[in-house]
Participant: 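This is the structure I want to talk about, given as structure tokens.
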Amino acid sequence: MGTVKPTGAKVDAPTADFWYLHNGKVEQFNCYVGYTKMYADMGVNLDWASAVDKH
């Protein structure tokens, strides 16, 4: 927890965009961001092991 200090590194946030069309009009749009990659580029190390229930 706390403030993420700037590293000066390039941050790459890959995305996937999904457009759902009906009769030539957009009915729904979803954009998903690769947060794990983005956080890693920012120097934020996610502790996935502690998030798993070990019981």
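Here the structure is a predicted model, which means the values were calculated and not measured.
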Participant: Enumerate donor-acceptor pairs with a distance under 3.5 Å from any side-chain N or O in residues 13-35 to protein atoms, sequence neighbours excluded.
Facilitator:
none

Participant: What are the two closest heavy atoms between Met42 and Val11, and how far apart are they?
Facilitator: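 Shortest heavy-atom separation between Met42 and Val11 comes out as CG-CG2, 3.7 Å.
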Participant: Would you list the pairs meeting salt bridge (charged side-chain N to carboxylate O under 4.0 Å, His left out) in which at least one residue belongs to residues 3-14, sequence neighbours left out?
Facilitator: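 For residues 3-14: none.
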Participant: Any side-chain hydrogen bond (donor to acceptor under 3.5 Å, both in side chains) involving residues 37-46? Give me the pairs, sequence neighbours left out, ordered by first then second residue.
Facilitator: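 Sorted result for residues 37-46: Lys37-Asp41.
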